[in-house]
Number of protein chains: 2
Amino acid sequence: MARPREFDIEVAVEQALQVFWSRGYEGAGLIELLEAMQIARSSLYKTFGDKRSLFLAALTHYDITRVTAAVSLLRDALIPDGEHRIANLLMSIAEAIEKQGDRRGCFLCNTAVDQAPHDKEIAEQVRRMMSRMEEGFFCALVASNLKRTLDLNGEGEARLLKTARVLNTVYNGLRVMAKAGYSAGEIRTVIQAQLHQNGLENMGLVTKKI
Amino acid sequence: MARPREFDIEVAVEQALQVFWSRGYEGAGLIELLEAMQIARSSLYKTFGDKRSLFLAALTHYDITRVTAAVSLLRDALIPDGEHRIANLLMSIAEAIEKQGDRRGCFLCNTAVDQAPHDKEIAEQVRRMMSRMEEGFFCALVASNLKRTLDLNGEGEARLLKTARVLNTVYNGLRVMAKAGYSAGEIRTVIQAQLHQNGLENMGLVTKKI
DNA sequence: GTTATTAGAAACCGATTGGTCCAAAACACA
DNA sequence: TGTGTTTTGGACCAATCGGTTTCTAATAAC
């Protein structure tokens with residue numbers, strides 16, 4: 001029995017995420033955040049507490065939207081070969097540069113670099129999100145020809161877990177390169193070389209068949 | 001015919017670098033910088049112009065000290081095998097975490113992530129420094145068994161250049177992982193897997209013989 | 001020693017920072 | 001319609017931001 005909130009929290013958090021994503025935590029001013037979120041100062045503080053909590057909410061929102069989407073892509077059974085799923089994910093980095101001129105990179109990677117070292121809670125969440133990414137890569141590897149090769153050799157899933165972590169490391173490295181100004185073409189070359197080296201040979205881009 | 005400067009510019013820039021390195025550009029306040037540099041406000045502005053120029057000076061200082069040191073390691077003829085030089089450089093990331101608890105990562109990588117997208121001049125310098133790192137990896141690869149394998153196959157230096165870029169990407173990825181909280185042991189595992197995949201098999205740590 | 005020049009310490013600047021407070025408006029429920 | 005509760009916008013806050021100015025002290029050249 002009270003006045004209802006006039007804005008949608010999820011929409012507001014998504015807008016805040018956009019600002020944090022392109023400006024970073026320190027670079028994002030309250031005014032810029034409020035304009036993007038289309039809410040008043042007091043509404044922000046009443047709803048979220050403070051700037052840091054809003055950031056945490058944005059990070060969680062990134063987790064349940066973007067990270068989840070990436071993991072889904074890596075588990076997508078509609079693309080039978082895991083190497084194709086991995087190639088699709090990595091190539092999307094180059095595509096983002098090419099088509100949208102997007103050099104904001106990965107919000108998770110950005111946050112790991114500039115906030116995780118100074119904030120324990122953020123660091124923990126970043127670790128969890130990184131682990132989710134690794135799991136995604138692992139799922140794709142389970143459906144790859146690398147898995148089949150390893151099965152013949154009798155090597156276990158330990159090797160797959162290791163490769164998943166390597167791929168996630170490369171993924172983060174690529175996002176840094178994108179921010180450093182490398183072109184879409186240069187990034188694609190790195191991806192191809194990397195996939196080749198990981199024994200993921202069949203790596204042409206394959207679109208989902210529905 | 002004037003009063004001489006009381007502080008050493010290089011020392012001051014090195015101290016400023018330390019602050020920018022651990023706090024980032026926006027996170028580094030004037031007061032913190034001045035205290036670390038042990039100079040007065042007006043001296044800073046007279047000598048460097050403004051905060052951004054000081055940052056640029058710190059970035060250049062990082063280039064001519066740290067990046068140069070890394071490249072020297074990668075070209076060090078006293079370590080005959082290139083793969084050992086590469087392993088040494090990558091393993092130093094894990095060592096920094098283990099021995100100094102240093103999670104500030106690589107200042108070049110940090111700057112690429114949080115400043116390059118917003119500042120053209122910084123972006124250009126970051127690109128130049130990344131290229132220097134790649135050249136370093138290339139020099140090490142020239143002295144590696146991968147090179148010898150490729151020579152037999154008739155593959156040219158193009159492949160080596162590509163691998164150099166991949167290694168630099170991995171290097172940046174590892175620095176992100178370090179910031180994300182991965183342990184020295186976890187990072188070492190990734191490095192070993194990666195070196196293995198790059199055909200750089202002889203990868204035990206080898207100390208320089210003088 | 002005088003003079004020209006510059007370094008240095010500190011006061012000072014407006015703008016902006018993140019954050020609080022309060023009166024008024026808007027709704028749910030009776 | 002009246003009442004109670006909560007959101008809202010905007011005024012307000014001290015602190016800090018990056019940057020400037022001023023004035024004094026130091027010193028090299030003459």
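Note on naming: letters A, B, ... go to the chains in the order of the sequence lines (proteins, then strands), and numbering restarts at 1 for each one. As the structure is a computational prediction, the values presented were derived from the model and not from experiment.
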Rounded distance (Å) that lies between atom P of C:dG19 and atom CD1 of A:Ile39
14 Å
Taking the side chain of A:Ser43 as its heavy atoms from C-beta onward, which of C:dA11, D:dT8, C:dG8 lies nearest to it?
D:dT8
Please confirm whether the backbone N or O of B:Ile122 pairs with a side-chain atom of B:Gln125, one donor and one acceptor, at under 3.5 Å?
no
From the candidates D:dT20, C:dG8, D:dT8, the one with an atom nearest any side-chain atom of B:Phe7 is C:dG8
In whole angstrom, give the distance that lies between atom CD of B:Glu32 and atom C1' of D:dG18.
15 Å
B:Asp50 CG to D:dT20 P: how many Å, rounded?
8 Å
Whole angstrom is fine here: how far is it from CG in A:Leu33 over to C1' in C:dG18?
11 Å
Assign A:Phe48 to base, sugar-phosphate, or nothing according to its heavy-atom contacts below 4.0 angstrom with the strands shown.
nothing
Whole angstrom is fine here: how far is it from CZ in A:Arg41 over to C1' in C:dG18?
7 Å
Qualifying residue for ring pair (Phe, Tyr, Trp, His ring centres under 6.0 Å) with A:Phe55, from A:Phe48, A:Tyr25, A:Tyr62:
A:Tyr25
Spacing of B:Leu34 atom CG relative to D:dT20 atom P, expressed in whole Å:
14 Å
Of the nucleotides D:dT8, C:dA7, D:dG18, which one has an atom closest to the side chain of B:Lys46?
C:dA7
Test item: B:Arg188 and B:Glu98 side chains (from C-beta on) under 4.5 Å apart, heavy atoms
yes
5'-most contact on DNA chain D (nearest-nucleotide basis), B:Ser42 vs B:Lys51, goes to B:Lys51
Integer-rounded Å distance: C:dT6 C1' and B:Tyr45 OH
20 Å
Could you tell me the separation between the CD atom of A:Glu26 and the P atom of C:dT16, rounded to a whole number of Å?
18 Å
Decide, yes or no, whether a salt bridge links B:Arg52 with B:Asp50 under the criterion of side-chain N to carboxylate O below 4.0 Å.
no
